[in-house]
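What follows is a set of notes on a single structure, which appears directly below.
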Amino acid sequence: MYTGIGASAGIGIGSVVIVKEPSLAYDNVTVSDIAAEKERFNNALEKCIAKTQAMAEDMKTRVGAKEAEILEGHVLLLMDPEMTGQINANIENEKMCAEAAVEQVCDMYAQMFSSIEDEMFQQRATDVCDIKTRLLKILLDVEDLDLASVPEGTVLVAEDLTPSMTAGINPANVAGVLTEIGGKTSHSAILARALEIPAVLSIEGIVSKLENGQTVILDGSTGEVFASPDEELLKKYTAKREEYLAEKAALQAFIGKESATADGHVVELCANIGKPEDAEKVVECDGEGIGLFRTEFLFMDRPQVPTEDEQFEAYKKVAEMLKGKPVIIRTLDIGGDKEIPYLGLAKEENPFLGFRAVRLCLKREDLYRPQLRALLRASAYGEIKIMVPMISCVDEFRAVKAMLEEIKAELDEKGIPYNKDIKVGIMVETPAASLMADAFAKEADFFSIGTNDLTGYTMAADRGNPDVAYLYSTYNPAVLRSIERVIKAGKAEGTMVGMCGEAAADPLLTPLLLSFGLDEFSVSATSILATRKTISLWTMEEANAVAEKAMSLVTEAEVKAYLESVAK
């Protein structure tokens with residue numbers, strides 16, 4: 001058995017087809033006819049743009065507009081005058097051949113993006129490498145791999161499956177995908193999930209460990225891969241595949257239903273989004289609102305700060321798409337850990353404990369005031385709520401509210417409409433906010449618990465550090481006590497309490513969160529129906545009994561083992 005990262009759920013059973021990219025070696029010659037070489041590059045560029053646009057259109061038709069945006073992003077990179085200008089300059093000034101000029105500039109951009117410790121920029125580095133490969137293929141007249149015509153029941157095995165390769169897959173023929181690199185948030189993983197193809201990524205050396213035609217089983221949920229399985233294992237996983245497909249089909253029965261326990265206790269089930277376009281998926285998956293809109297993505301991957309009007313249009317678009325359902329929009333959460341080059345932020349020794357989120361925004365009113373003004377203006381078009389991240393003390397929250405009151409007065413003076421009763425809340429993600437939850441409940445209109453950071457800060461553990469990863473667990477009694485404290489403090493003051501961290505979608509934690517009194521669960525759009533089903537399986541009496549027992553335990557292992565033993 002081999003193990004990797006389960007990046008796209010489902011059971012895949014099929015025959016291996018190893019995907020190997022052809023050689024892209026070239027003679028790195030000094031060119032004499034610079035005009036001809038530049039023309040050769042620009043012809044290749046035009047051809048690459050046209051092919052990528054065609055792939056994006058095909059993806060839009062077959063899968064959806066959201067998924068097509070990944071390839072549309074490639075088109076924008078190919079049309080970036082900064083990047084193409086540097087390639088042409090290399091040909092002209094350094095007398096490089098087009099291949100060398102493309103490679104040098106793309107490698108430089110990829111290195112720049114990969115040096116930024118943010119998932120979005122890391123993925124952008126992969127996109128640039130994909131673009132480089134396609135440009136080199138056109139320049140060298142090398143044919144693209146035809147993954148559309150692989151036989152039915154194929155399991156694709158590759159070092160990496162780029163977005164352009166994934167876009168060419170016919171899901172009717174591909175039973176699964178295995179790669180040596182990549183993770184859950186990679187663009188290839190996103191496309192695999194959109195195409196509903198099971199995928200396990202980051203399996204070390206898998207290309208050399210398997211052979212063409214070999215039968216394999218992969219579990220895209222657990223990350224397990226079995227090579228040359230015996231009849232008993234094949235039978236077991238064939239049954240698991242049928243069970244998975246049946247469960248998936250059964251979830252459709254939860255569309256249009258209340259999010260309620262078996263005995264009628266109703267909660268709100270919302271979704272987390274990163275871009276305005278993601279709201280389409282929330283509506284499609286029957287979300288009851290948006291529990292977290294991460295606005296920093298409006299500021300990233302661009303050369304300058306988005307204008308107030310650009311932000312207003314983005315927030316308005318989401319509010320209108322949700323048609324009166326609640327939309328909680330988190331104000332800018334950037335800092336040393338999410339680097340945005342044009343802001344010129346100083347490097348920090350420990351960015352997660354540094355100048356970020358509300359701490360930065362209160363000092364940079366040139367960034368914060370336009371965002372708050374855009375949010376207020378957009379509130380006239382739907383049920384927008386404002387959430388402030390990384391709050392540690394009451395003074396910070398009061399300062400934000402005071403700034404909002406000043407902006408409201410400016411809008412009143414100009415006769416610009418906005419929701420005068422707009423709700424303003426906090427993201428509870430620091431131990432300080434948890435410990436002061438009773439005080440914050442008197443100041444905030446709502447709480448949203450960010451379990452990802454709250455877990456890390458409570459346990460003083462970096463989830464990206466393998467040596468301390470054992471400490472990073474929401475099942476730890478310290479984290480659960482913190483969550484319970486926050487919810488109960490909110491309930492005591494009649495303050496709505498939601499949760500937008502990954503724990504909200506964890507079926508093992510559902511009975512605890514119900515018993516604690518969580519009002520709103522905010523999960524990924526694709527987890528909405530599964531979470532609604534899990535909630536429906538519990539009565540409040542059962543949830544209370546589970547919570548009482550779980551909260552009497554004192555180790556992470558005991559809590560997790562107990563919750564697994566009572567899971568539904």
Side-chain angles (χ1 to χ4, degrees), residues 7-8 19-26 41 44-60 63 66-80 82-84 86-87 98-116 118-148 156-169 174 177-195 197 199 201-202 207 300-301:
S8 180
V19 180
K20 285 194 174 176
E21 284 278 22
S23 170
L24 295 176
Y26 59 88
F41 161 66
L45 179 65
E46 284 180 24
K47 190 173 179 182
C48 194
I49 289 170
K51 287 178 77 170
T52 309
Q53 285 173 328
M55 283 193 293
E57 284 303 313
D58 177 58
M59 180 62 71
K60 194 179 289 184
V63 186
K66 182 175 176 291
E67 289 71 27
E69 286 170 13
I70 293 170
L71 290 167
E72 287 168 350
H74 286 205
V75 173
L76 292 175
L77 277 170
L78 285 163
M79 295 173 71
D80 179 6
E82 183 78 20
M83 189 166 84
T84 57
Q86 286 183 47
I87 294 170
E99 290 86 349
V102 165
E103 189 158 35
Q104 195 268 340
V105 172
C106 287
D107 285 351
M108 179 190 72
Y109 271 80
Q111 188 176 6
M112 178 184 72
F113 285 130
S114 61
S115 68
I116 300 170
D118 180 87
E119 286 180 4
M120 184 173 144
F121 281 105
Q122 298 280 338
Q123 190 52 51
R124 185 59 80 207
T126 305
D127 292 340
V128 172
C129 291
D130 191 4
I131 285 167
K132 176 183 79 172
T133 299
R134 280 185 281 139
L135 280 169
L136 289 176
K137 280 182 180 177
I138 294 168
L139 287 165
L140 295 167
D141 201 23
V142 172
E143 282 296 312
D144 272 329
L145 291 164
D146 183 13
L147 298 183
L156 296 171
V157 181
E159 181 183 340
D160 186 21
L161 214 56
T162 64
S164 59
M165 289 160 67
T166 313
I169 289 174
V174 176
V177 168
L178 305 175
T179 69
E180 294 186 355
I181 61 177
K184 282 188 177 181
T185 58
S186 68
H187 282 169
S188 296
I190 291 167
L191 290 174
R193 288 193 290 272
L195 292 165
I197 299 171
L201 312 183
S202 285
V207 172
M300 293 169 132
D301 203 17

Looking at residues at least two apart in the chain, or sitting in another chain, which of them share a salt bridge (charged side-chain N to carboxylate O under 4.0 Å, His left out) with [X]?
X      : answer
Asp160 : none
Glu180 : none
Lys51  : Asp144

Could you pull out all residues at least two apart from [X] that satisfy side chain to side chain contact (heavy atoms under 4.5 Å, CB included)?
X      : result
Glu143 : none
Met79  : Ile49, Val75
Ala199 : Ser8, Val177, Ala192, Leu201
Gln104 : Asn90, Met96

What closest approach, in Å, do [X] and [Y] show between heavy atoms, and which atom pair accounts for it?
X      : Y      : value
Ser23  : Ala25  : OG-N, 3.3 Å
Phe41  : Leu139 : CA-CD2, 4.2 Å
Met165 : Val19  : CE-CG1, 3.6 Å
Ala56  : Glu72  : CB-CG, 3.9 Å

Within a strict 4.5 Å, meaning less than it, do heavy atoms of the [X] and [Y] side chains meet?
X      : Y      : value
Ile169 : Leu161 : yes
Glu99  : Leu24  : no
Thr52  : Ile131 : no
His74  : Met55  : no

Value rounded to 0.5 Å, distance of [atom1] in [X] from [atom2] in [Y]:
X      : Y      : atom1 : atom2 : answer
Leu45  : Ile138 : CG    : CD1   : 8.5 Å
Gln111 : Cys106 : CD    : SG    : 13.0 Å
Arg134 : Lys47  : CZ    : NZ    : 13.0 Å
Thr84  : Leu135 : OG1   : CG    : 10.5 Å

How would you list, by chain and number, every residue that makes a side chain to side chain donor-acceptor pair (under 3.5 Å) with [X], sequence neighbours excluded?
X      : value
Glu159 : none
Glu103 : Tyr26
Thr162 : Asp130, Ser164
Lys132 : Asp107

Donor-acceptor under 3.5 Å (Ser202 side chain, Ile181 main chain)
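No; zero donor-acceptor contacts below 3.5 Å.
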